[in-house]
Amino acid sequence: MSTVFLNGEYMPKSEATISPDDRGFLLGDGLYEVTPFYEGVPFGFKGHLQRLLRGLCWLRIDYDTSELEAMHRELIVSNGLDSAERSMVYLQITRGAAPRTHYFPDGDVTPTVYAYAKEWSRPADDVWDQGFTAQTVPDRRWSRVDIKTVCLLPNALAFQDAKDAGADDAILVRDGVAIEGAHQNLWGVFGGTVITHPVTGHILPGITRAVVLEEARTAGMKVEERPIQIEELAFADELFFTGTTGEVRPISEVDGRPVGSGGVGEVTRTLSDLFLARVDQAKAAEQVRVS
Ligand code: PDD
């Protein structure tokens, strides 16, 4: 039985109940974050927290986040995940329960804060080495997807469309631009230059994206943050996604056509190795922190 966190208390998941008046349920009026842990060590926590704080500010939800890191760590430990190779904490904060109005509720409403922990795994090496397939689908999301709201219906529909087409994932296309995946950022390698969409209201600024950008630049790769036109996908030497539970994920096929010369490209493999080395550094830093 998993232990979850709800409004300041730890409890068995079966005992966690949320009001039917919750604005997260009725209106999608809330935010979420997914933070990865490696052998019990949080990775990129500061980045996830900063993105959450920005979202809280934008939604004008007043919530004190000072205890969040301790709560994340406690959930990992109480669910026996401190030695799991990979785990994560899902956190959701909504405006809270109040009689349904489109405007913000009158008076003080306490935000609903819910979190759970679970294990996840990286695909086996032989699966990863083959790469993953993607299908282009229209991006039907709003123009502030940089705010990580729980309104994920367009993402879910896009993913389902890709799945129905037999692909592993979706590439969302808006105004002729290959924006990002349904739950991951998109990257291309063109003639040795690594390209990903700039941070605008049309992408989620991924924490994994930020780490990979830093690693690519430090390694001396030529990097550009600019939109990738859908026509360019056919000429990419390599394509890959990045995200919390996807890490660096090679794309070997788009809309049934192979990417580059097929298989996993050198740049993708190098960036994946550099990303995993950053995870190892975080684990080593934690050893120093606790000793
Ligand atoms: N997805 N783009 C979208 C649309 C996302 O939903 C996500 C994260 C990312 C990658 O962000 P990060 O590197 O910070 O995980 C990009 C989360 C994990 C999810 O929905 O489960």
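All ligand and atom numbering here is 1-based and tracks the order in the structure. As the structure is a prediction and not an experimental result, all values here were calculated from the model. Atom set for the values below is all heavy atoms of this structure, side chains included, hydrogens, waters and symmetry mates excluded.
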Trainee: Could Glu238 and Arg269 be called an ion pair, given the rule that one side-chain N must be under 4.0 Å from one carboxylate O?
Mentor: no

Trainee: Who else is in the cluster with Phe132 when I, L, V, M, F, W and Y are joined by side-chain contacts under 4.5 Å?
Mentor: Val127, Trp128, Val264

Trainee: List for me each residue that meets ring-ring contact (aromatic ring centres under 6.0 Å, His included) alongside Tyr10, sequence neighbours excluded, and say none if there are none.
Mentor: Phe5

Trainee: Pairs under 3.5 angstrom, nitrogen or oxygen on both sides, ligand 1 versus protein: list them out, please.
Mentor:
{"residue": "ligand 1", "atom": "1 (N)", "partner": "His183", "partner atom": "O", "Å": "3.2"}
{"residue": "ligand 1", "atom": "2 (N)", "partner": "Glu180", "partner atom": "OE1", "Å": "2.7"}
{"residue": "ligand 1", "atom": "13 (O)", "partner": "Ile207", "partner atom": "N", "Å": "3.3"}
{"residue": "ligand 1", "atom": "13 (O)", "partner": "Thr208", "partner atom": "N", "Å": "3.0"}
{"residue": "ligand 1", "atom": "13 (O)", "partner": "Thr208", "partner atom": "OG1", "Å": "2.5"}
{"residue": "ligand 1", "atom": "14 (O)", "partner": "Arg51", "partner atom": "NH1", "Å": "2.9"}
{"residue": "ligand 1", "atom": "14 (O)", "partner": "Arg51", "partner atom": "NH2", "Å": "3.1"}
{"residue": "ligand 1", "atom": "14 (O)", "partner": "Ile207", "partner atom": "N", "Å": "2.8"}
{"residue": "ligand 1", "atom": "15 (O)", "partner": "Thr244", "partner atom": "N", "Å": "2.9"}
{"residue": "ligand 1", "atom": "15 (O)", "partner": "Thr244", "partner atom": "OG1", "Å": "2.5"}
{"residue": "ligand 1", "atom": "20 (O)", "partner": "Tyr32", "partner atom": "OH", "Å": "2.7"}

Trainee: Are any side-chain N or O atoms of Arg95 and backbone N or O atoms of Leu59, one a donor and one an acceptor, separated by less than 3.5 Å?
Mentor: yes

Trainee: Holding to side-chain contact (heavy atoms from CB on, under 4.5 Å), I want the full list of residues that pass it with Ala234, two or more places apart in sequence or in another chain.
Mentor: none

Trainee: Under 4.0 Å between a Lys/Arg side-chain N and an Asp/Glu carboxylate O for Asp22 and Arg100?
Mentor: no

